[in-house]
Amino acid sequence: MELVVVMVITGIIASAVAVFIQKPVQSYFDSTRRAELVDIADTAIKRITRDLRLALPNSVRVDGTQQYLEFLLTSGGGRYRAELTGAGGGDILNLTAADSSFDVIGPMPSAAVGNFVVVYNLGITGADAYAGSNRATISAVGASSITLSPAFLFPFDSPGKRFQVVQYPVTYQCDATNGLVRRYWNYGFNVAQSTTIVTANNARIATNVATCNFTYNSSVIAQREGVVIITLQLTKSQETVTLIGQAHVSNVP
């Protein structure tokens with residue numbers, strides 16, 4: 001009889017304690033889930049922002065659904081020789097006929113065989129790196145020179161005598177159907193933005209995605225600076241967080 005009484009009293013005490021600790025424990029798990037979602041969203045936005053800072057000027061574009069963000073990723077840039085030295089030496093970049101090599105003035109940018117040299121990208125017909133009108137393939141890299149193959153005639157001279165080294169196109173996809181943000185890279189150049197991307201090079205950037213979208217304003221500051229706005233909403237176990245990030249893009253070619 002005493003044992004039964006003890007068991008009943010113990011059960012009552014345990015029930016009372018459970019009532020008091022249930023809320024703090026539930027609050028802890030809720031906070032943990034929110035922190036996890038915020039960390040996922042923040043990491044994704046930072047990754048996209050870091051990539052966009054390396055985008056070729058005037059190469060950023062967003063499709064009509066605002067679910068696909070594409071740009072050309074650069075590894076660096078430099079200045080090409082436009083005039084001969086005082087002694088008549090040096091290898092200038094010829095802009096009147098197809099040229100296969102030129103000297104780099106100043107520090108040599110990071111470049112590799114198979115990368116591309118782009119000069120004065122405006123993102124318009126005749127000066128569009130996606131179309132290839134101002135994009136040449138690198139076949140060799142010297143200590144202070146770059147060789148192109150085949151020889152190429154760039155349509156416009158850069159006012160600052162600048163060139164950029166492009167590695168490949170990159171696309172970020174908002175896939176709310178599968179709850180993902182995915183990154184694709186190193187696929188073919190498309191004149192018009194495509195939402196059908198065929199490449200083995202892709203990776204998940206965020207999970208638990210409820211909604212997300214990209215918007216792009218190309219002329220925030222006199223057509224020299226653009227801004228990409230990234231809106232990302234994540235949901236897990238009835239917890240929802242929404243983060244908005246902005247990435248400034250230089251459009252000075």
Of all pairs that satisfy salt bridge (charged side-chain N to carboxylate O under 4.0 Å, His left out), the ones with a partner from [range], not counting sequence neighbours:
{"range": "residues 138-147", "value": "none"}
{"range": "residues 76-95", "value": "Arg81-Asp103"}
{"range": "residues 147-166", "value": "Asp157-Lys161"}

**Request:** For side-chain hydrogen bond (donor to acceptor under 3.5 Å, both in side chains), just list the numbers for Thr240 and Thr235, CA-CA rounded to whole Å, side-chain angles, deciding distance to a tenth of an Å, and then say yes or no.
**Result:** CA-CA 4 Å; Thr240 299; Thr235 299; 3.1 Å; yes
Do [X] and [Y] share a hydrophobic cluster, counting only Ile, Leu, Val, Met, Phe, Trp and Tyr and linking them when any side-chain heavy atoms are less than 4.5 Å apart?
{"X": "Leu232", "Y": "Val38", "value": "yes"}
{"X": "Val170", "Y": "Val228", "value": "yes"}
{"X": "Leu73", "Y": "Val166", "value": "no"}
{"X": "Tyr216", "Y": "Tyr68", "value": "no"}

Taking all heavy atoms of [X] and all of [Y], pick out the closest pair and write down the distance.
{"X": "Met108", "Y": "Gly142", "result": "CE-O, 3.7 Å"}
{"X": "Leu122", "Y": "Pro253", "result": "CD2-CG, 3.9 Å"}
{"X": "Val165", "Y": "Ser110", "result": "CG1-O, 3.8 Å"}
{"X": "Pro109", "Y": "Val104", "result": "CD-CG1, 4.0 Å"}
{"X": "Asn251", "Y": "Ser218", "result": "ND2-O, 3.2 Å"}
{"X": "Ala203", "Y": "Trp185", "result": "N-CZ3, 3.8 Å"}

**Fill in**
With sequence neighbours left out, the residues meeting side chain to side chain contact (heavy atoms under 4.5 Å, CB included) with Ala129 are Leu56, Leu72, Val118, Asn121, Asn134
Hey, does [Y] have a side-chain heavy atom less than 4.5 Å from the side chain of [X]?
{"X": "Phe71", "Y": "Val249", "result": "no"}
{"X": "Val252", "Y": "Pro57", "result": "no"}
{"X": "Tyr172", "Y": "Ile205", "result": "yes"}
{"X": "Ile138", "Y": "Val117", "result": "yes"}
{"X": "Gln173", "Y": "Leu69", "result": "no"}

**Prompt:** Asp42: what forms a salt bridge (Lys or Arg N to Asp or Glu O under 4.0 Å) with it, not counting sequence neighbours?
**Reply:**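 If we apply the salt bridge (Lys or Arg N to Asp or Glu O under 4.0 Å) test to Asp42, skipping adjacent residues, the hits are Lys46.
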Inter- and intrachain pairs under disulfide bond (SG atoms under 2.5 Å apart), touching [range], at least two apart:
{"range": "residues 104-216", "answer": "Cys174-Cys212"}
{"range": "residues 83-128", "answer": "none"}
{"range": "residues 66-110", "answer": "none"}

**Asked** Are Thr215 and Gln66 close enough, and set up right, to give a side-chain contact (heavy atoms from CB on, under 4.5 Å), and what steps lead you there?
**Response** CA-CA 6 Å; Thr215 58; Gln66 299 185 328; 3.2 Å; yes
Counting distance only, does the side-chain N/O of [X] pair as donor-acceptor with the main-chain N or O of [Y] below 3.5 Å?
{"X": "Gln67", "Y": "Thr65", "value": "yes"}
{"X": "Thr49", "Y": "Ala247", "value": "no"}
{"X": "Thr171", "Y": "Tyr184", "value": "no"}
{"X": "Asn186", "Y": "Tyr168", "value": "no"}

**Asked** What residue pairs, at least two apart or across chains, pass side chain to side chain donor-acceptor pair (under 3.5 Å) with a residue in residues 188-209?
**Response**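 Only Arg182-Asn202, Thr199-Asn201 qualify under side chain to side chain donor-acceptor pair (under 3.5 Å).
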**Asked** Do Arg183 and Asp51 sit within salt-bridge range, that is, some charged N less than 4.0 Å from a carboxylate O?
**Response**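 Here Arg183 pairs with Asp51 in a salt bridge, since their nearest N and O are under 4.0 Å apart.
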**Request:** Scan residues 81-132 for pairs that pass ring-ring contact (aromatic ring centres under 6.0 Å, His included), counting only residues two or more places apart or in two chains.
**Result:** Phe102-Phe163, Phe116-Phe189
**Prompt:** Applying ring-ring contact (aromatic ring centres under 6.0 Å, His included), which residue pairs with at least one partner in residues 136-155 are found, sequence neighbours left out?
**Reply:** Phe152-Phe154
Atom pair [atom1] ([X]) and [atom2] ([Y]), whose distance is rounded to the nearest 0.5 Å:
{"X": "Thr74", "Y": "Leu54", "atom1": "OG1", "atom2": "CG", "result": "5.0 Å"}
{"X": "Ile146", "Y": "Ser139", "atom1": "CD1", "atom2": "OG", "result": "10.0 Å"}
{"X": "Gln246", "Y": "Ile45", "atom1": "CD", "atom2": "CD1", "result": "10.5 Å"}

**Prompt:** Given the rule in the side-chain contact (heavy atoms from CB on, under 4.5 Å) test, do Ser250 and Arg224 qualify, once you have shown the distances and angles that lead to the verdict?
**Reply:** CA-CA 6 Å; Ser250 173; Arg224 298 174 67 86; over 6 Å; no
**Message:** Taking side-chain contact (heavy atoms from CB on, under 4.5 Å) as the criterion, tell me which of Thr211, Val181, Val241 meets it with Leu234.
**Reply:**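 Of all the options given, the one that passes is Val241.
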**Message:** My understanding is that only one of Pro155, Ser133, Ser59 makes a side-chain contact (heavy atoms from CB on, under 4.5 Å) with Asp128; could you say which?
**Reply:**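 Of the listed options, the one satisfying the test is Ser133.
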**Request:** Tell me, with the steps shown, if Val119 and Tyr80 meet side-chain contact (heavy atoms from CB on, under 4.5 Å).
**Result:** CA-CA 10 Å; Val119 175; Tyr80 55 83; 4.0 Å; yes
**Request:** Apply side-chain contact (heavy atoms from CB on, under 4.5 Å) to the pair Leu243 and Gln233, showing each step before the final yes or no.
**Result:** CA-CA 6 Å; Leu243 266 68; Gln233 184 181 86; over 6 Å; no
**Asked** Can you list the other members of the hydrophobic cluster that holds Ile244, where links are side-chain heavy atoms under 4.5 angstrom apart?
**Response**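 Taking Ile, Leu, Val, Met, Phe, Trp and Tyr as members, Ile244 shares its hydrophobic cluster with Ile229.
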